[in-house]
Amino acid sequence: MPQYNRLRGTKDVIPAQTQLWEQIIMKAARTLKLYDYSLIVTPVIEETALFIRGVGEGSDIVMKEMYNFQDKKGREIVLRPEGTASVVRAYIENSLPVKSNLYYIGPMFRYEKPQKGRDREFYQIGVESFGDPTPYKDAETVKLAETFLKELGINAFEIQVNSTGCKECKPKYIEVLLNFLEPRKAMLCEDCLKKIERGAAIRVLDCKNEKCRETVMSAPLVTAHLCEPCDTHHKLFLEALKINGVKFIENPRIVRGLDYYTKTVFEFITDKIGAQQNTILAGGRYDNLVWELGGKKTPAVGFAAGVERIAEVINAGGGFTTEDKVDIFVITDKQYIKNAYALVNTLRESGIKAVMSYEEKSFKSQFREADARKAKYAAIIGETEIQNKTVMLKNMETGEQKETNEQGIINLFK
RNA sequence: GUGGCUGUAGCUCAGGGGUUAGAGCACUAGGUUGUGGCCCUAGGGGCCGUGGGUUCAAUUCCCAUCAGCCACCCCA
């Protein structure tokens, strides 16, 4: 018999994990509705050009991480590497209301080398809010993200915020930065030199190399080079966060890897996963993307959270105690299996989670199984019970048992 | 994409160039003629990741490959 295995970097999410996923999705949906967001579902496949235009030609995602292929007509197709470009495309294509609050959940694909906290297929829950240019919206979005995580019992994270400026001041800042780096090239690692060459000088700021970090310590900060409107926006954003009671850390060195961000950017970082992949949620404002993808000039802000990473954090904190106990395990002799079968059905019709073994097994085995399934009660139907038209009900925790009947059991669970 | 470590039962792992490869846990059955958890006994289950090479002989040594983990890179 041939054996088939998962493709590299993919995983099966089995019941031991999906219980947690159900919780994450349910709680996310509740919080999102509170903030007036609606679900949007877009295709997993899109034309490749959407992401080249949307995410940016120079980004790593586009340069080396896209799962792209040609379909039977030779069209360039890609398994979406992220959600924002798709949602923006759908927003434009469906002429949605200018002000729209949308959320999505689904798999994303990136052809990367897998390691802990980083798969080739992974799930994201994300939100995108269109039509509101104010910093209040930025702060609301951060607050929403914080609420979502706290609802899940996650408190061990740090919120880092920054502004990357707009298309007016960003290029000017990069020039200032280049002037600073130029005489210090000898101090930088090879990767950073490459970053400068391919026009991604800002990425030097978040290099983890010791020497680079030291060098960059005294580098000019973006926040000090924002144009007037961006600076005002940023200050008001920080103030709005305080009004919302959000605790944050200003980190002028966070740089998002996707090219579309303008002004506000933020990251939620945890130290609970025990891996280097410690960003569980990240996002920011992107005021030019809708226009760049062919829509009307529309401001927008959003974020995306990694479902697997969130699940990891929850598990690291002991996980959830989910109630998956069976209410009643029905136990019987082989000649009364049909009677037991009928009882299980009746109980279920009354909303009671009842199970039994259809196979002929000894009482001992059936009790062992009832125990393994963590049944609250065992209901025994044997010869005497059939004769008396009763059911022996045993409390599996206390060990007490008493004779009752079908209706008695149903009443017990009302 | 680069570098390092690892790959033996469902899980955690031991072992070792030569007959039938082990342990604990889990699983199944039994230890009362109708009663679980603890305990005891028995049992099932392994192409020793895959392919090739060296050898009289490979699961053990060598190479390749695949996969996982870690670091870099990057990101959710």
Side-chain angles (χ1 to χ4, degrees), chain A residues 1-3 5-11 14 16 55 58-65 81-84 105-126 145 149 157 189-192 194-195 200 203 206-209 212 254-258 266-270 273-283 302-313 329 331-336 359 361-386 392-401:
Chain A
M1 286 290 277
Q3 289 285 310
N5 300 316
R6 274 170 279 136
L7 256 28
R8 179 161 214 208
T10 65
K11 77 269 159 196
I14 57 177
V55 178
S59 68
D60 275 54
I61 290 179
V62 167
M63 286 205 305
K64 48 187 208 191
E65 294 174 1
E82 60 108 40
T84 302
I105 176 164
M108 305 296 162
F109 303 83
R110 289 182 200 169
Y111 199 93
E112 299 186 269
K113 187 147 178 174
Q115 56 181 269
K116 202 182 207 80
R118 196 176 70 185
D119 291 324
R120 286 183 174 177
E121 181 195 32
F122 59 98
Y123 277 71
Q124 285 190 334
I125 292 179
L149 292 175
F157 56 78
C189 69
E190 284 198 23
D191 284 331
C192 282
K194 274 187 213 154
K195 289 174 192 169
R203 313 222 98 259
D206 66 352
C207 182
K208 278 149 196 144
N209 182 293
C212 295
I254 65 171
V255 178
R256 314 275 31 259
L258 290 70
F266 53 87
E267 290 186 0
F268 285 53
I269 296 169
T270 181
I273 303 182
Q276 291 316 104
Q277 319 305 325
N278 55 9
T279 304
I280 52 175
L281 182 154
F303 70 73
V307 175
E308 291 86 350
R309 288 184 188 178
I310 285 171
E312 274 284 314
V313 173
F329 195 102
I331 290 172
T332 190
D333 257 336
K334 64 180 176 202
Q335 61 266 46
Y336 302 119
E359 290 167 290
K361 287 182 160 183
S362 68
F363 270 54
K364 184 200 272 287
S365 285
Q366 292 183 73
F367 267 100
R368 278 181 177 161
E369 194 175 337
D371 197 55
R373 298 289 291 274
K374 295 185 171 63
K376 292 173 195 155
Y377 293 92
I380 304 132
I381 307 183
E383 189 144 14
T384 31
E385 288 78 14
I386 292 290
M392 186 63 82
L393 190 68
K394 176 170 181 174
N395 183 318
M396 292 296 281
E397 217 168 297
T398 63
E400 289 169 52
Q401 54 182 49

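In the text below, chain A, chain B and the rest are named by the order of the sequence lines, each starting its count at 1. Here the structure is a predicted model, which means the values were calculated and not measured.
Within 4.0 Å (heavy atoms only), Gln366(A) reaches no atom of the nucleic acid at all. Backbone-only contact: Gly9(A) has heavy atoms under 4.0 Å from sugar-phosphate atoms and none from a base. Within 4.0 Å of Glu82(A), counting heavy atoms only, lies no atom of the nucleic acid at all. Across all strands, Thr332(A) comes closer than 4.0 Å to no nucleic acid atom at all (heavy-atom distances). Within the nucleic acid shown, Lys334(A) has no heavy atom closer than 4.0 Å to any nucleic acid atom. Across all strands shown, Glu359(A) has no heavy atoms under 4.0 Å from either base or sugar-phosphate atoms. Nucleic acid contact for Gly126(A): none, since no nucleic acid atom lies under 4.0 Å from a heavy atom of the residue. If you check every strand for non-hydrogen atoms under 4.0 Å, Ile380(A) touches a base. Counting non-hydrogen atoms under 4.0 angstrom, Ala282(A) reaches the backbone sugars and phosphates but no base.
Listed for the Asp333(A) side chain is no donor-acceptor partner under 3.5 Å among the backbone atoms of Tyr336(A). When atom types are taken as modelled, the side chain of Glu65(A) and the backbone of Pro81(A) share no donor-acceptor pair closer than 3.5 angstrom. A side-chain donor-acceptor contact under 3.5 Å links Thr332(A) to the backbone of Ile381(A). When atom types are taken as modelled, the side chain of Thr279(A) and the backbone of Leu281(A) share no donor-acceptor pair closer than 3.5 angstrom. Looking only at distances, no side-chain donor or acceptor of Arg118(A) sits under 3.5 Å from a matching main-chain atom of Glu112(A).
Both Gly399(A) and Pro114(A) lie close to RNA chain B; mapped to their nearest nucleotides by heavy-atom distance, the more 5′-ward contact belongs to Gly399(A). Where Phe122(A) and Thr398(A) each meet RNA chain B at their nearest nucleotide, the meeting point lying more 5' is that of Thr398(A).
Separating the C1' atom of rG17(B) from that of rA29(B) is a span of 39 Å, rounded to the nearest Å. Rounded to whole Å, the separation between the P atoms of rG43(B) and rA23(B) comes to 11 Å. Rounded to whole Å, the P atom of rC62(B) lies 15 Å from the corresponding atom of rG18(B). For rC13(B) and rU6(B), the P atoms lie 14 Å apart once the distance is rounded to whole Å. One P atom belongs to rA64(B), the other to rG4(B), and the distance between them is 11 Å to the nearest Å. Rounded to the nearest Å, the gap between the P atom of rG15(B) and that of rU41(B) is 26 Å. Between rU19(B) and rC38(B), the two P atoms lie 38 Å apart (nearest whole Å). Nucleotides rC27(B) and rG46(B), compared at atom C1', are 15 Å apart to the nearest Å.
The CG-P distance, from Asp119(A) to rC70(B), rounds to 11 Å in whole Å. For Lys64(A) and rC74(B), the NZ to C1' distance is 6 Å, given to the nearest whole Å. One can place CD1 of Ile254(A) at 15 Å from P of rC74(B), the figure rounded to the nearest angstrom. Atoms CD1 (Ile310(A)) and C1' (rC75(B)) sit 14 Å apart, rounded to a whole Å. Atom pair Lys361(A):NZ and rA29(B):C1' shows a separation of 10 Å (rounding to whole Å applied). Nucleotide rG37(B) holds its P atom 7 Å from the CG atom of Asp371(A), rounded to whole Å.
Classified by interplanar angle (parallel below 30°, tilted 30° to 60°, perpendicular above 60°), the ring pair Phe268(A)/Phe266(A) is perpendicular.
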Exercise for the section: Might you work through the side-chain contact (heavy atoms from CB on, under 4.5 Å) test for Glu308(A) and Lys11(A), ending with a clear yes or no? Expected result: CA-CA 11 Å; Glu308(A) 291 86 350; Lys11(A) 77 269 159 196; 2.5 Å; yes
Completion exercise
Applying the Watson-Crick and G-U criteria (both distances under 3.5 angstrom) with [ ] for crossing and | for other-strand pairs, one obtains for RNA chain B (((((((..((((....[...)))).(((((.......))))).....(((((..]....))))))))))))....
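Proximity note for Arg110(A) (side chain, C-beta onward) versus rG37(B), rU35(B), rA76(B): the nearest is rA76(B). In the set rC69(B), rC75(B), rA29(B), rC69(B) carries the atom at the smallest distance from any side-chain atom of Lys116(A).
At least one side-chain nitrogen or oxygen of Arg8(A) sits closer than 4.0 Å to the OP1 or OP2 atom of rA67(B). Residue Gln115(A) places at least one side-chain N or O closer than 4.0 Å to OP1 or OP2 of rA71(B). For the pair Lys364(A) and rG36(B), the criterion of a side-chain N or O lying under 4.0 Å from OP1 or OP2 is met. One finds no side-chain N or O of Ser362(A) lying less than 4.0 angstrom from the OP1 or OP2 phosphate oxygen of rA29(B). Here Arg203(A) reaches the OP1 or OP2 of rC75(B): one of its side-chain N or O atoms lies under 4.0 Å away. Dashed line: the shortest gap from a side-chain N or O of Ser59(A) to OP1 or OP2 of rC74(B) is not under 4.0 Å.
Between the side chain of Arg118(A) and the base of rC69(B) there is no donor-acceptor pair of N/O atoms closer than 3.5 Å.
Applying the ring pair (Phe, Tyr, Trp, His ring centres under 6.0 Å) test to Tyr111(A) and every residue at least two apart in sequence or in another chain returns Tyr67(A). Partners of Lys374(A) according to the salt bridge (Lys or Arg N to Asp or Glu O under 4.0 Å) rule, which considers only residues two or more places apart in sequence or in another chain, do not exist here. Every salt bridge (Lys or Arg N to Asp or Glu O under 4.0 Å) that Lys361(A) has, sequence neighbours left out, goes to Glu369(A).
In this structure, CD1 in Ile310(A) is found 5.5 Å from CG in Leu149(A), a value given to the nearest 0.5 Å.
The existence of a salt bridge linking Arg110(A) and Glu121(A) is excluded, since no basic side-chain nitrogen approaches an acidic carboxylate oxygen closer than 4.0 Å.
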Could you list, one pair per line, each protein nitrogen or oxygen that sits under 3.5 Å from a nitrogen or oxygen of nucleotides 38-46 of chain B, together with the distance?
none

Check the interface with nucleotides 6-12 of chain B: list each N/O to N/O pair with the protein under 3.5 Å, or write none.
none

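By the 5.5 angstrom centroid cut-off and the 30-degree plane limit, Phe367(A) is classified as stacked against the base of rU35(B).
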